[in-house]
Amino acid sequence: MTEQNPSPGGDTHTPAASDGSAGAAGLTAKKSGGRGRRNAIIAGATAVVLLGGGGVAWAAVANSAPADDTAAAGEFDTDAEITVGQILEPDNLDIRATSGVALDQILIDNVYEGLVSRGANGAIEPKLATDYSISDDGLTYSFELADDVVFHNGDPLTVDDVLWSLNTVKDDETIQGHSAFANVQDVSADGDSTIEITLAQPNADFLWSLTGRAGLVLDEDADNDLSVSAVGTGPFVLNEGDWVQGDSITLTRNDDYWGDAAGVAAVTVTYYSDANALANALKAGEIQAGAPSAADARSYEGDDDWEVIESTSSATGTIAFNSANGPLQDVRVRQALRYGFDKEALRTASDGLGQLIGGPIPPADPGYEDLTDLFPYDPDKAKELLAEAGYGDGLELTLTIPAFYGATLPDLLTSQYAEIGVTLKVDSVEFPVWLEKVHTNADYDLSYVLHAEARDFYNFAGRLSTSPELAAEGKRYYFNYENPEVDELYAESQRATDAETQADLLAQAARIVAEDSPADWTSASTSLLVLDSRIDGFPTNDLSARLNVTDVKVAVAD
């Protein structure tokens, strides 16, 4: 969730480009299987995530399949309707007021657009702005608006709509994305087509933040109910009635779109209760793509009708330790828990998927460093630290975890913690309960979730909290972790005007966080997508945060 979403890397560290883009993320996909004959319908898989700014969500994880010979010849069925299978449904559709990556996935790029967007390789690209420039001092951003852009309700996009949208984010602390504008001094227009944003000091990630909720442009004059519909400028429309709560959301191609038309007539996102239900739907032919368990996914290998795609994502498995709660206030207890858990055993139990990272920055983000050597699996060291902290006779803690994650992680934690004298109670809860109890109220000992938003290190550096209201009060993100040195290093990294300096400062801060252990990081997530092999143009990168289906096409049946 931007500003209200928990968060997500990918490969070896790739520094950000000087313009604030992600650079070459290097996310890879390994494929098996071949061309298929099925009628084209897609179902994207899901993975729980948190988006930059303190929110949580459920998101698809996938990678693109290469076009086959038919697709290369340009023989696509433009009337095809595509189905995307997911697990966690949004509470409502108001992207300005509601947390949850489920909204970012569905609405950003597909329905709502901003001045800039994230390209398939993670680079920042113009969108409603045909061009942009940044002053030499890094303080002034200028954007030239595209001509003839029209909202879904027929209203033309004007400079006033952009000013209203961005100034609302800047001035209203309850709006998702508000904290990203904390450094913005002024948003103004120069004529009818130029927008200028002035910062108080350079911010290396500001342009990146404009690719998320903070930068979305809405129609100032629209009178629709944002909780059940959306009026944007994107290639798909979402009208009232297109969301059947508890079942699905349907996006319909915008035939009056100002840019290149979407490749399919409609996309329906169907929601399932858990990964098993999704796997059963895949087997039953209800959906034609999804990310079931690794074992289920492997069963499709060698079938010419399917491709199995190994896809890294920016989601990072995070076991949170509440640094303000009881024994966990002691860094020795937190460090002991890290020594007492064998992350490699979890990776093995997950079919060898995932990359161990040992710290808060995943491989594709600026500042990544392999920190797995800091806390190798060492039960004896764990017991020693617990004894030093006064818990040599044992310790009882509770893990609060969303129920859809299943039992693998809780069971492994419970058994391994028992070996070091820690009794772990598992509280498996529904996701809305987790959001309220853990993410909003920080009422927990340990928790687990996948953080999916790229460049979300600020969660450890005090930039934002679990809600705009709490952030305004100076409250911390739900880890309740605070270190002034980390805060300052992060602030310096944001003021950096070159990628190398930014990455170096972030790496320094990340090492301190890893040593302080407000969390244990299981791995940078890898998933297996099972995809009907007649699908072309499925989005490639960072689908734990976005699911841009604009370029998806369906090959004409043989």
Between A461 and R476 the two heavy atoms that sit nearest each other are C-NH1, 3.6 Å
Taking it one step at a time, do Q416 and D342 satisfy side chain to side chain donor-acceptor pair (under 3.5 Å)? CA-CA 8 Å; Q416 292 189 350; D342 185 359; 4.5 Å; no
Closest non-hydrogen contact found for T372 with G358 is CG2-N, 3.7 Å
Output for pair (D445 CG, L399 CG), nearest 0.5 Å, gives 9.5 Å
Here the pair of heavy atoms bringing P360 nearest to V513 is CG-CG1, 4.0 Å
Taking the side chain as every heavy atom from C-beta outward, state whether L505 and T501 have any atom pair closer than 4.5 Å. yes
- Message: Please check this pair: side chain of R334 against backbone of L328, looking for a donor-acceptor N/O pair closer than 3.5 Å.
- Response: yes
* According to the interplanar angle, ranging from 0 to 90°, do the rings of F431 and F404 count as parallel (below 30°), tilted (30 to 60°) or perpendicular (above 60°)? -> tilted
**Message:** Taking atom CD as the centre, does E396 end up with more than 12 heavy-atom neighbours from other residues, nucleotides or ligands that are less than 6.0 angstrom away?
**Reply:** no
Ignoring hydrogens and angles, tell me if any N or O in the side chain of T318 forms a donor-acceptor pair with the backbone of T316 under 3.5 Å.
yes
> Got more than 12 heavy atoms from elsewhere within 6.0 Å of CG, D393?
Replying inline: no
Practice item. Run the numbers on D109 and R118 for salt bridge (Lys or Arg N to Asp or Glu O under 4.0 Å), then give the verdict. Key: CA-CA 9 Å; D109 298 319; R118 300 177 197 174; over 6 Å; no
* Can you tell me if K343 uses its side chain to pair, donor with acceptor, with the backbone of P376 under 3.5 Å? -> no
Heavy-atom nearest pair, S517 first then A514, reads OG-O, 3.1 Å
message: Distance alone, cut at 3.5 Å: any donor-acceptor contact between the side chains of T400 and W434?
response: no
Between I401 and V449, is any pair of side-chain heavy atoms under 4.5 Å apart?
-> no
Quick one, N441 with Y478, criterion side chain to side chain contact (heavy atoms under 4.5 Å, CB included). Give me CA distance, side-chain angles, the key distance, then yes/no. CA-CA 8 Å; N441 295 329; Y478 76 97; over 6 Å; no
- prompt: I249 and L93: side chain to side chain contact (heavy atoms under 4.5 Å, CB included), yes or no, with the steps?
  reply: CA-CA 10 Å; I249 293 175; L93 302 182; 4.0 Å; yes
Parallel, tilted or perpendicular for F479 and F460, by the 30°/60° rule?
parallel
Requested in this report: Might you work through the side chain to side chain donor-acceptor pair (under 3.5 Å) test for N92 and T98, ending with a clear yes or no?
Outcome: CA-CA 7 Å; N92 71 71; T98 306; 2.9 Å; yes
ask   = Can D411 and T414 be counted as having a side-chain donor-acceptor contact under 3.5 angstrom?
value = no
Heavy atoms of N480 and A324 approach each other most closely as CB-CB, 3.6 Å
Separation between CG (D516) and CD (Q335), nearest 0.5 Å, reads 7.5 Å
d(I319 CD1, L337 CG) to nearest 0.5 Å is 9.0 Å
Review point. Tell me, do Q245 and E89 make a side-chain contact under 4.5 Å, heavy atoms counted?
Key: yes
Check whether any side-chain heavy atom of L356 lies under 4.5 Å from a side-chain heavy atom of R347, and answer yes or no. yes
Can you list the steps and then say if E369 with R511 is a salt bridge (Lys or Arg N to Asp or Glu O under 4.0 Å)?
-> CA-CA 8 Å; E369 178 185 2; R511 178 171 283 271; 2.6 Å; yes
Query raised in the report: Does some side-chain heavy atom of F181 sit less than 4.5 Å from a side-chain heavy atom of I175?
Result: no
Here the gap from N322 atom CG to Y444 atom OH, rounded to the nearest 0.5 Å, amounts to 4.5 Å
Quick one: does D94's side chain have a donor or acceptor within less than 3.5 Å of a partner on R96's backbone?
yes
Interatomic distance, CG@D365 vs CZ@R455, rounded to 0.5 Å, equals 7.0 Å
Quiz prompt | Side-chain donor-acceptor pair present, Y271, D247, cut-off under 3.5 Å | solution = no
Item to complete: Identify whether the distance between the nearest side-chain nitrogen and carboxylate oxygen of R332 and D330 falls below 4.0 Å.
Response: yes
Check this for me: does any side-chain nitrogen of one of D296 and K283 sit under 4.0 Å from a carboxylate oxygen of the other?
yes
| task | Answer yes or no: is there a side-chain heavy-atom contact under 4.5 Å between Q355 and S523? | result | no
The reported gap from CG in L446 to NZ in K425 (rounded to nearest 0.5 angstrom) is 13.5 Å
Less than 4.5 Å apart, any side-chain heavy atom of F206 and any of N183? no
Heavy-atom nearest pair, P362 first then I357, reads CA-CD1, 4.3 Å
By ring pair (Phe, Tyr, Trp, His ring centres under 6.0 Å), F375 pairs with (sequence neighbours left out) Y339
- prompt: Do Y300 and L282 come within less than 4.5 Å of each other through their side chains, counting heavy atoms only?
  reply: yes
Side-chain donor or acceptor of D205 paired with backbone N/O of W208 under 3.5 Å:
no
Exercise. Would you kindly say whether D504 and Q508 are connected by a side-chain donor-acceptor distance under 3.5 Å?
Key: yes
* To do: Without swapping roles, check the side chain of T440 against the backbone of L435 for a donor-acceptor pair under 3.5 Å.
  => yes
